[in-house]
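Protein chains get the first letters and strands the later ones, always in sequence-line order, with residue 1 at the start of each. All values reported here derive from a predicted model rather than from experimental measurement.
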Amino acid sequence: WVGVLGPRVLELRQTESDCFFRCLGEVASAESAPAAETVDHVRAELVDYFQLSKPLAPMYEHWASADRRMNRIAAALPGMRVLRQEPHECLFSFICSSNNNIGRIGGILQSLRARYGPRISLYEGIDTADAATFGGDEITDLQAVDDEAFFAFPSVETLAEASEEELRGLGLGYRADFIRQTALALRQKGDGWLCSLREEDVDTVREELCALRGVGPKVADCVALFSLDQVETVPVDTHVWDIACREFDPSLRECLSLTPNVYARVGALFRSRFGTYSGWAHQLLFAAELPQFRSRLPADMVEEMAEWRGGGGGGAHK
DNA sequence: TCTGGACCTCT
DNA sequence: GAGGTCCAG
């Protein structure tokens, strides 16, 4: 994999037993190679980003023993971790995600970076073609988007200064105003405010996030789980709702829409079954629904999921 | 508390 | 409609 993490372009490669990384470039640097201390620093950042100090095996065991279906999924999809993303980037990204599909979100975020983010220069002697030979096909996607350029995520300050019209031009649609207003609010609250929510309890985090423009329950919970250490938070979208109907409580199907009440019921179901790290468990169940992981699951399970989708079982409330 | 509609844009 | 949110009734 090749991509941007914070101010750097990183290349990651995984083997049977190890994970290797390499720094390809960074913001405002003309060096020919990263300093040794930079490499150490990046190693620490990766450990933090992938939350490697949290042992996954005990969680998997707990989830597997709590739920028969989860038992099989856990066996098929090992090593599914929740990332610890940078909160500002995470927040703006999920604001862009509302009422929007994954493919388009990626394009919008890349446009945001290219237009407002600081450019990342590759170290002397490294070209992306060289990196591509290691990285597989991810890098070709990035190059196709913006001519082999890498950008870090824009600052709150920059986004606060952006005009709504220009943001709309990048394909954000009505979310343009959300981005601008939230950036303005964040600037007002000061530099460390968002990160400081990591120390707060779930309810406070949720309340504070939902006060931001374009942030409802789902977006707030995503930001809380994926960047603010709220491990028991379960973001509920229509897919997670489907999962809950299918696996935990068929009576949820009677509900006509995802009201706050239903939303809370779904979250509570996950928590009562999977406990403290319900957010992580949710991530695993959610991943199992994605097309790219389907081939790893037992055939009968894939069949069952297809049947549910096609048979209108999940569509009862839609 | 919940429902219905609007909202950008693309398939 | 899509991996929602906001606003008015």
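The A:Leu290 side chain lies nearest to C:dG3 when the options are C:dG4, C:dG3, B:dT3. Nearest nucleotide to the A:Phe94 side chain, out of C:dG3, C:dC6, B:dC10: C:dG3. Nearest to the side chain of A:His239, among C:dC6, C:dG3, B:dT9, sits C:dG3. For A:Asn261, counting side-chain heavy atoms from C-beta on, the closest listed nucleotide (C:dG3, B:dC8, B:dC2) is B:dC2. Distance from the side chain of A:Tyr174 is smallest for B:dC7 among the nucleotides C:dG3, B:dC2, B:dC7. Minimum atom distance to the side chain of A:Lys218 is reached by C:dG4, of the listed C:dG4, B:dC8, C:dC7.
Contacts of A:Ile108 with the nucleic acid, taken as non-hydrogen atoms under 4.0 Å apart, are absent. Nucleic acid contact class of A:Pro235 (heavy atoms, under 4.0 Å, all strands): none.
Nearest-nucleotide mapping onto DNA chain C: of A:Ala220 and A:Asn101, the residue sitting toward the 5' end is A:Asn101. Residues A:Asn100 and A:Val215 both approach DNA chain C. Their nearest nucleotides, taken by heavy-atom distance, put A:Asn100 toward the 5′ side.
A:Val302 and A:Leu290 fall within the same hydrophobic cluster, where Ile, Leu, Val, Met, Phe, Trp and Tyr residues are linked whenever their side-chain heavy atoms come under 4.5 Å apart, directly or through other members.
Between the side chain of A:Arg175 and the base of B:dC8, at least one donor-acceptor pair of N or O atoms lies under 3.5 Å.
When the side-chain nitrogen and oxygen atoms of A:Ser98 are compared with OP1 and OP2 of C:dT5, none of them lie within a distance under 4.0 Å. At the phosphate of B:dC2, OP1 or OP2 sits under 4.0 Å from a side-chain N or O atom of A:Thr259. Here A:Arg168 does not reach the OP1 or OP2 of B:dC7: none of its side-chain N or O atoms lies under 4.0 Å away.
A:Glu26 and A:Tyr123 share a donor-acceptor pair across their side chains, judged by distance under 3.5 Å alone.
The aromatic rings of A:Tyr174 and A:Phe178 sit perpendicular, their planes meeting at an angle over 60°, well past the 30° parallel limit. Taking the six-membered ring for Trp and thresholds of 30 and 60 degrees, A:Phe226 and A:Phe94 have nearly parallel ring planes, at less than 30 degrees apart.
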